[in-house]
Q: 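Before I ask anything, here is the structure I am working with.
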Amino acid sequence: MSFFDEVYKVVKLIPKGKVTTYGEIALRLRSGPDGSRINISPRTVGWALHANTDPKTPCHRVVNKDGKLAANFAFDGEREQKRRLLAEGVGFIGERVNLVKHIWMP
DNA sequence: AAAGTGACGCATT
DNA sequence: TAATGCGCCACTT
């Protein structure tokens, strides 16, 4: 059970048609079950997702705070990611996700 | 054990 | 709004 697995677990909880940010995930993991972790950096969350190649993890529902998609290393490229989000009903404003309407609030 | 690395975030400019 | 600089934490050599 590594830190990565917990990140993936949270990502899998994101309902269809919703998105969340790296920062939000970091906050959610701030108080781990074992209490071993105190602070998590959003950077670390993104890094965890980068390492993940599991198709069951909806990484495309995770965007940065500006609603922008991962520039360099999206799973299938930015365009594909955007397309998938649109297919789920996630609204876009230009090239950015409409976070105001689609941010996932557990 | 120490240094390098990265799907980010925030305050400034 | 976009571009810069700095902090951040877990993981891999």
Side-chain angles (χ1 to χ4, degrees):
Chain A
M1 191 55 161
S2 63
F3 165 75
F4 287 6
D5 298 318
E6 295 192 38
V7 174
Y8 306 150
K9 191 159 53 176
V10 173
V11 172
K12 287 176 186 171
L13 292 178
I14 306 174
K16 183 177 160 191
K18 292 286 183 182
V19 298
T20 192
T21 67
Y22 303 97
E24 287 297 319
I25 294 177
L27 287 176
R28 193 187 169 86
L29 294 178
R30 199 158 68 77
S31 304
D34 52 358
S36 59
R37 277 178 271 85
I38 305 174
N39 285 344
I40 299 291
S41 161
R43 215 174 175 89
T44 310
V45 174
W47 185 56
L49 284 180
H50 179 208
N52 175 51
T53 48
D54 182 8
K56 294 171 62 180
T57 307
C59 339
H60 58 280
R61 298 195 185 126
V62 185
V63 298
N64 66 15
K65 202 64 170 135
D66 298 324
K68 192 85 160 59
L69 308 179
N72 275 350
F73 234 124
F75 56 108
D76 278 329
E78 273 183 275
R79 293 202 64 84
E80 186 63 18
Q81 182 172 2
K82 177 180 178 182
R83 200 183 66 72
R84 291 197 65 165
L85 289 173
L86 284 172
E88 294 183 352
V90 176
F92 272 73
I93 303 176
E95 293 303 312
R96 301 174 205 172
V97 175
N98 187 345
L99 285 177
V100 179
K101 283 181 64 74
H102 299 292
I103 184 76
W104 177 49
M105 290 294 276

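Here is the naming used below: chain letters follow the sequence lines, and residue numbers restart at 1 for every chain. Owing to the predicted nature of the structure, the values given are computational and were not obtained by experimental measurement. No hydrogens, no waters, no symmetry mates; every other heavy atom, side chains included, goes into these values.
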Q: Kindly write out the residues that satisfy side-chain contact (heavy atoms from CB on, under 4.5 Å) with A/Lys82, not counting sequence neighbours, or none if the list is empty.
A: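 Partners of A/Lys82 under the side-chain contact (heavy atoms from CB on, under 4.5 Å) test: A/Leu69, A/Leu86, A/Phe92, A/Glu95.
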Q: Rounded to whole Å, please give me the gap between OH in A/Tyr8 and C1' in B/dA7.
A: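 Distance check: A/Tyr8 OH to B/dA7 C1' gives 11 Å.
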Q: What's the CZ-P distance between A/Phe4 and C/dA10, to the nearest Å?
A: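 Taking CZ of A/Phe4 and P of C/dA10, I get 10 Å after rounding.
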Q: Nearest-Å distance, NZ (A/Lys65) to P (B/dA11)?
A: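 Value for this atom pair: 11 Å.
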Q: Do any N or O atoms of the protein come closer than 3.5 Å to N or O atoms of nucleotides 3-8 of chain C, and which pairs are they?
A:
residue : atom : partner : partner atom : Å
C/dG7   : O6   : A/Arg43 : NH1          : 3.4

Q: Using whole Å, what does the distance between atom P of nucleotide B/dA7 and atom CG of A/Leu49 come to?
A: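 Distance check: A/Leu49 CG to B/dA7 P gives 11 Å.
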Q: Take atom CG of A/Asn64 and atom P of C/dA2, then tell me their distance rounded to the nearest Å.
A: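 In whole Å, C/dA2 P lies 12 Å from A/Asn64 CG.
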Q: Does A/Lys18 pair with A/Glu88 as a salt bridge, N-O distance under 4.0 Å?
A: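 Looking at A/Glu88 together with A/Lys18, the answer is no, because their closest N to O distance does not fall below 4.0 Å.
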Q: Is the shortest side-chain N/O distance from A/Arg61 to OP1 or OP2 of B/dA7 below 4.0 Å?
A: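 Negative; the distance criterion is not met.
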Q: What residues form a salt bridge (Lys or Arg N to Asp or Glu O under 4.0 Å) with A/Lys68, not counting sequence neighbours?
A: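 In terms of salt bridge (Lys or Arg N to Asp or Glu O under 4.0 Å), with neighbours along the sequence ignored, A/Lys68 is linked to A/Glu78.
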Q: Once side chain to side chain donor-acceptor pair (under 3.5 Å) is applied, do any residues pair with A/Thr20, and if so which ones, sequence neighbours excluded?
A: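 None.
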Q: Measure CD/A/Glu95 against C1'/C/dT1 and give the value in whole Å, please.
A: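 Between C1' of C/dT1 and CD of A/Glu95: 15 Å.
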Q: Let's see if you can work this out: which of C/dT1, B/dA7, C/dA10 has an atom nearest to the side-chain heavy atoms of A/Arg96?
A: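 Looking only at side-chain atoms, A/Arg96 lies closest to C/dT1.
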Q: Only counting residues at least two apart or in another chain, list the ones meeting ring-ring contact (aromatic ring centres under 6.0 Å, His included) with A/Trp47.
A: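 Checked A/Trp47 against ring-ring contact (aromatic ring centres under 6.0 Å, His included); matches are A/Phe4.
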Q: Can you check the A/Glu24 CD to B/dA7 P distance for me, whole Å?
A: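 My rounded result for the distance is 21 Å.
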Q: Applying side chain to side chain donor-acceptor pair (under 3.5 Å), can you list everything that pairs with A/Asn98, at least two apart in sequence or on another chain?
A: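 For A/Asn98, no residue satisfies side chain to side chain donor-acceptor pair (under 3.5 Å) once neighbours in sequence are set aside.
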Q: What is the separation between atom CH2 on A/Trp47 and atom P on B/dG4, rounded to the nearest whole Å?
A: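 One finds 16 Å between P of B/dG4 and CH2 of A/Trp47, rounded.
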